[in-house]
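Worksheet: the structure to be examined is printed underneath.
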Number of protein chains: 2
Amino acid sequence: MTLQQLRYFLATADQGSFSAAAAGLRLAQPSVSEQVRLLEAELGVALFVRAGRTLTLTEAGRTLRRHAGRILAAVDDARTAVAEVRQVLTGTVTLGVFGTASYYLVSEVVEGFRRRHPGVRVRLVG
Amino acid sequence: MTLQQLRYFLATADQGSFSAAAAGLRLAQPSVSEQVRLLEAELGVALFVRAGRTLTLTEAGRTLRRHAGRILAAVDDARTAVAEVRQVLTGTVTLGVFGTASYYLVSEVVEGFRRRHPGVRVRLVG
DNA sequence: TAATATTACGTATTACGTAAAGATT
DNA sequence: AATCTTTACGTAATACGTAATATTA
C-alpha cells in the first residue's frame with residue numbers, strides 16, 4: 001500500500017471512473033487501473049465492482065475510502081507542520097556581542113545552536 | 001513523501017543511527033540513508049544533524065516524527081479495517097428456496113447481492 | 001582501528017505511456 | 001458506433017545492494 005495508490009483509488013472512487021480519475025491526475029488510464037489493481041491484490045479484496053463500464057465501491061472499498069481520506073489528510077498535516085518549522089528556522093539571526101571575553105562566552109552556545117538549526121544563519125557583530 | 005520513507009525515517013529516529021535502522025529493516029545502510037536524504041530534499045529541511053557519527057533530530061525532524069507515527073498508525077488501521085470487512089464478506093451463504101415461483105423471486109435479490117459482494121459464494125438449494 | 005556515514009555505480013524492480021483488444025450502452 | 005476498461009509491452013525512473021571513500025571515537 002502506497003500513498004500514490006491511495007490517491008489514485010480515492011480519485012477513482014470520487015469520480016466513479018478510471019478515465020475521469022486519470023484525466024484529473026493527468027495520467028493515462030491504464031496507469032491508474034494498474035495501481036488500483038495492485039492495491040486490491042495486496043489487500044486481497046475487490047474495492048470496486050466492475051459491472052460493465054460502471055464502477056461501484058464494494059463494502060471494502062467504502063471502508064478504505066474513509067481511511068484513505070484520513071491518511072492523506074494526515075500527510076498534508078505533516079507537510080504543513082514541517083513547512084512551518086522550516087519557515088521559522090530558516091532566517092538570519094544577527095547577534096551583537098560586546099566586551100572582550102564575550103566571544104568565548106557565546107561561542108559555545110552559538111555552536112550548539114548552529115548544530116541544531118543548520119538552516120539559520122547566525123551573524124556575530126562585535 | 002512515501003510511506004516507505006516515513007518508515008525508514010522513523011526507524012532511524014528511534015534507533016538514532018542509520019546502520020541500526022537498516023539492520024532492523026533488513027536493508028543496506030545506503031538504501032536507508034538515501035531515502036531519508038530524498039525525504040529531506042523534498043521537504044527542504046534537514047531532519048537530522050550529522051555531527052560526526054552521532055545523529056540528532058532537528059526541530060523539523062521531531063515534528064515529522066510525531067506526524068509520521070500518526071500516519072503509519074492510520075495505515076495500519078486501514079489495513080485492519082479492510083481485513084475485517086474481507087473476513088466478513090468471504091464465505092459461503094447457502095439459501096434454501098421452496099415453491100415454484102421462488103427462483104424468480106429471489107434471483108433478482110441474489111444477483112444484486114453477488115454484484116455487491118463478489119467474495120461471497122451463494123448456494124441456492126431448491 | 002573499529003564503527004558509522006557518504007559517495008559512486010550497476011542492477012532489478014516498477015510506474016508509466018502507447019497501442020491494441022475486449023466489453024458495454 | 002462510441003466510450004470505458006483491460007491487456008500487452010517497451011521505456012524511463014528509482015529503490016536496492018556492493019564496493020569504495022571519508023570521518024570520527
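What you are looking at is a predicted structure, and each value in this text was computed from that prediction instead of being measured. Quick note on labels: first sequence line is chain A, next is B, and so on, each numbered from 1.
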Please write out the pairs of protein N or O atoms and N or O atoms of nucleotides 14-17 of chain C separated by less than 3.5 Å, giving the distance to one decimal.
{"residue": "dA15(C)", "atom": "O3'", "partner": "Gln4(A)", "partner atom": "NE2", "Å": "3.2"}
{"residue": "dC16(C)", "atom": "OP1", "partner": "Gln4(A)", "partner atom": "NE2", "Å": "2.7"}
{"residue": "dC16(C)", "atom": "OP1", "partner": "Tyr8(A)", "partner atom": "OH", "Å": "2.6"}
{"residue": "dG17(C)", "atom": "OP2", "partner": "Ala28(A)", "partner atom": "N", "Å": "2.9"}
{"residue": "dG17(C)", "atom": "OP2", "partner": "Ser31(A)", "partner atom": "OG", "Å": "2.8"}

Query raised in the report: Given atom CZ of Phe18(A) and atom C1' of dT7(D), what is their separation to the nearest angstrom?
Result: 14 Å

Query - Residues that Arg7(B) engages under salt bridge (charged side-chain N to carboxylate O under 4.0 Å, His left out), provided they are two or more places apart - result: none

Query - Between the first and last five pairs of the helix from dT1(C)-dA25(D) to dT25(C)-dA1(D), the angle of the axes, rounded to 10 degrees - result: 30°

Requested in this report: Identify, with sequence neighbours excluded, every residue that meets side-chain hydrogen bond (donor to acceptor under 3.5 Å, both in side chains) alongside Glu34(B).
Outcome: none

Query raised in the report: For Glu40(A), what residues pass the side-chain hydrogen bond (donor to acceptor under 3.5 Å, both in side chains) criterion, not counting sequence neighbours?
Result: Arg50(A)

**Report entry** All side-chain hydrogen bond (donor to acceptor under 3.5 Å, both in side chains) counterparts of Ser17(B), not counting sequence neighbours
**Finding:** Ser19(B)

Query - Distance test, side-chain N/O of Arg37(B) to OP1/OP2 of dT6(C), below 4.0 Å - result: no

Report summary line: Arg79(A) meets the side-chain hydrogen bond (donor to acceptor under 3.5 Å, both in side chains) criterion, sequence neighbours left out, with Glu42(B)

Query raised in the report: Between atom CG of Leu57(A) and atom OG1 of Thr12(A), what is the distance when rounded to the nearest 0.5 Å?
Result: 9.5 Å

Within the sub-3.5 Å range, which N or O atoms of nucleotides 22-25 of chain C have a protein N or O partner, and how far apart are they?
{"residue": "dT24(C)", "atom": "O2", "partner": "Arg53(A)", "partner atom": "NH2", "Å": "2.4"}

Query - Phe9(B): ring-ring contact (aromatic ring centres under 6.0 Å, His included) partners, not counting sequence neighbours - result: Phe48(B)

Query raised in the report: Reckon Ser19(B) has a side-chain N or O less than 4.0 Å from the OP1 or OP2 of dA5(C)?
Result: yes

Requested in this report: Considering just the side-chain nitrogens and oxygens of Ser33(A), establish if one lies under 4.0 Å of OP1 or OP2 belonging to dT6(D).
Outcome: yes

Query - Non-neighbouring partners of Ala78(A) that pass side-chain contact (heavy atoms from CB on, under 4.5 Å), sequence neighbours left out - result: Leu64(B), His67(B), Ile71(B)

Query raised in the report: Over how many whole Å does the gap from Glu40(A) atom CD to dT6(D) atom C1' extend?
Result: 13 Å

Report task. Would you please name every residue forming a salt bridge (charged side-chain N to carboxylate O under 4.0 Å, His left out) with Asp76(B), sequence neighbours left out? Result -> none

Query raised in the report: Between Ala46(A) and Ala60(A), which heavy-atom pair has the shortest distance, and what is it?
Result: O-CB, 4.0 Å

Query - Nearest-angstrom distance from the residue atom CD of Glu42(B) to P of dT14(D) - result: 11 Å

Requested in this report: Let me know the distance between CG of Leu39(B) and P of dA15(D), rounded to the nearest Å.
Outcome: 12 Å

Query - Qualifying residues under side-chain contact (heavy atoms from CB on, under 4.5 Å), relative to Thr2(B), sequence neighbours excluded - result: Gln4(B), Gln5(B)

